[in-house]
There are 2 protein chains.
Amino acid sequence: MTPTTTAPRRQSPARRRVLDTASALFYAEGIHTVGIDRIIAEAGVAKATFYHHFPSKDDLVCAYLREQIDQLRQQVVPQGATPEEKIAFVFEGVGEITCRPGFRGCAFINAAAEYPDPGHPVRRVVADFRGWFKGLLEELLAAAGHPDPRRTAVMLMTLRDGLTVAGALDDPAEARPAVHAAVTRLIGSGD
Amino acid sequence: MTPTTTAPRRQSPARRRVLDTASALFYAEGIHTVGIDRIIAEAGVAKATFYHHFPSKDDLVCAYLREQIDQLRQQVVPQGATPEEKIAFVFEGVGEITCRPGFRGCAFINAAAEYPDPGHPVRRVVADFRGWFKGLLEELLAAAGHPDPRRTAVMLMTLRDGLTVAGALDDPAEARPAVHAAVTRLIGSGD
DNA sequence: CCCAAGGTAGACAGACCTGTCTGGTAAAGT
DNA sequence: ACTTTACCAGACAGGTCTGTCTACCTTGGG
């Protein structure tokens, strides 16, 4: 059989345009409030083309969230750094994002608020993100020789969630230094 | 003029039924997904009656959230307790709620996820809640003689937000003890 | 006895939603 | 030259949404 490169698979520009438009609109205005008609109009794509690439709106929502995960995964942490520095780097990134102009909170937390059923495909993508992120923190803590990586990872995850919420609903510049101090203290002291 | 008691103003049973039904549905399933028709059907109320008490759906949503604030406000903290104990009591309550069966996160965070415009009346109620809660924490910290009440209140708020998110999306029993430990350490040590 | 207030029941308008379908165009591979 | 694939344009169906309106009932106070 022909190799049929599975990995790159040059995606169509129409699909790319739809996904970009939908991502921006979903994040900025919410998922249920943004209709298909609006997405295809702003993406400049025919309705049939849209439904050719995404069988349903839920598929589009899942693709939007999965791409968010991929983008976060590709944010490389500095190579020759200690685990503690890598954790600090990750939180530096979170803190920086929360202060950016269009910030409206964590895309996954917001999506989960609109999909109450935990078994829904969208919620499963949300769970994937949280599992991945928490696992990453736990690995880094273990590599740093932390005595209780699991428990501390949960703590760091809580700080991240709180920081994103505060960045969306309160003054972002106020929560950032407080969380920064808490993180450095958490990964510094053993207990 | 007649006294016309402004404070209690015995509210009609129909309005009460609508508000109870809407509160349960909005919290459990989200706001945009629950329609007026469903609310009045489950509340056993005519449509004209509904629109007599609530001029629009947004008014109902605001009333739902404002009542949530009122209920939280009335949760009295123990009288003869130190400020530190009062803070611990408040967080004990939050931790307990996150472990309850129907828990689906913070009603205000979820509502804000569905209303992107910060100037919207719903968002203003959300801001009222956050201002009140953070102010309460700051007062208690100041009463406890904490050196930096404002900054620590922000920190505690972040922990609360993270705890509610984790309670809704992860295993509630895992985040609770971690946050509990962090809170006791925060209000214990001065810095 | 009358009448106003608050309630019920349900039709209706106008907009918007997702998803399907028809029909036509353009480019690329075989 | 033929066929497949991707794309555009837009009508259409069937449902749901908010909000208005008409019409009738019931109950209690003056």
Side-chain angles (χ1 to χ4, degrees), chain A residues 1-6 8-23 25-26 28-65 111 114-117 120-122, chain B residues 1-6 8-23 25-26 28-65 111 114-117 120-122:
Chain A
M1 56 176 75
T2 40
T4 52
T5 50
T6 324
R9 191 168 117 244
R10 197 176 88 242
Q11 56 189 347
S12 80
R15 184 192 148 94
R16 184 68 267 151
R17 245 152 49 219
V18 166
L19 202 42
D20 286 343
T21 308
S23 297
L25 289 176
F26 284 159
E29 306 188 17
I31 297 172
H32 287 326
T33 50
V34 176
I36 300 294
D37 285 340
R38 171 121 177 264
I39 293 170
I40 64 173
E42 296 200 13
V45 156
K47 208 165 200 178
T49 305
F50 169 81
Y51 277 103
H52 169 73
H53 288 292
F54 304 97
S56 76
K57 186 183 178 179
D58 280 353
D59 289 275
L60 174 64
V61 177
C62 287
Y64 149 59
L65 291 176
E114 295 199 62
Y115 288 84
D117 177 16
H120 193 283
V122 168
Chain B
M1 57 176 75
T2 41
T4 52
T5 50
T6 324
R9 191 169 115 239
R10 199 177 84 241
Q11 55 188 348
S12 80
R15 184 191 148 95
R16 183 68 268 151
R17 244 151 51 218
V18 166
L19 201 42
D20 286 343
T21 308
S23 297
L25 289 177
F26 284 159
E29 306 187 18
I31 296 172
H32 288 326
T33 51
V34 175
I36 300 294
D37 285 339
R38 172 120 177 265
I39 292 171
I40 64 173
E42 296 200 14
V45 155
K47 207 165 201 179
T49 306
F50 170 81
Y51 277 103
H52 169 73
H53 288 292
F54 303 97
S56 77
K57 186 183 179 180
D58 280 353
D59 289 276
L60 174 64
V61 177
C62 287
Y64 149 60
L65 291 177
E114 296 199 62
Y115 288 84
D117 177 15
H120 193 283
V122 168

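Each chain gets a letter, A, B and so on, in the order the sequences are listed, and its residues count up from 1.
- OP1 or OP2 of D/dT18 has not a single side-chain nitrogen or oxygen of B/Ser56 nearer than 4.0 Å.
- When rounded to the nearest whole Å, the span between CG of A/Asp58 and P of C/dC17 equals 16 Å.
- Across all strands shown, B/His53 has heavy atoms under 4.0 Å from sugar-phosphate atoms exclusively, and none from any base.
- Taking atom OH of A/Tyr51 as the reference point, atom C1' of D/dC8 lies 17 Å away to the nearest angstrom.
- Regarding A/Lys57, its NZ atom lies at a distance of 18 Å from the C1' atom of C/dT20, rounded to whole Å.
- Ranking C/dT8, D/dC8, D/dT18 by closeness to the B/Val45 side chain, first place goes to C/dT8.
- Rounded to an integer number of Å, the gap from CD1 of B/Ile36 to P of C/dA13 is 21 Å.
- Taking both residues in full, the closest heavy atoms of B/Lys47 and B/Asp37 are given as NZ-OD1, 3.0 Å, listed atom of the first, atom of the second, then distance.
- Each of B/Thr49, B/Ile40, B/Val45 was scored for a side-chain contact (heavy atoms from CB on, under 4.5 Å) with B/Arg17, with one residue passing: B/Val45.
- In the model, A/Asp59 has a side-chain atom that pairs as donor or acceptor with a side-chain atom of A/Ser56 under 3.5 Å.
- Checking D/dG19, C/dT8, D/dA9 against the side-chain heavy atoms of B/Ala46 singles out C/dT8 as nearest.
- Comparing D/dG10, C/dG10, C/dG7 against the side chain of A/Lys47 picks out D/dG10 as the nearest.
- To the nearest angstrom, P of D/dG15 lies 21 Å from NE2 of A/His32.
- Taking atom CD1 of A/Ile40 as the reference point, atom P of C/dC21 lies 16 Å away to the nearest angstrom.
- Put simply, A/His52 has a side-chain N or O that comes within less than 4.0 Å of OP1 or OP2 on D/dA6.
- The CD1 atom of A/Ile31 lies 11.5 Å from the NE2 atom of B/His32; values are rounded to the nearest 0.5 Å.
- If you measure from atom CZ of B/Phe50 to atom P of C/dG6, you get 17 Å, rounded to the nearest angstrom.
- Nearest approach of A/Leu65 to A/Ala111, heavy atoms of both residues: CD1-CB, 3.9 Å.
- Each of A/Ala48 and A/Asp37 lies near DNA chain C, and the nucleotide nearest A/Asp37 is the one positioned closer to the 5' end.
- Contact check, B/Thr49 against C/dT8: a side-chain N or O comes under 4.0 Å of OP1 or OP2.
- Residue-level contact check: B/Arg17 touches the backbone only, with heavy atoms under 4.0 Å from sugar-phosphate atoms and none from bases.
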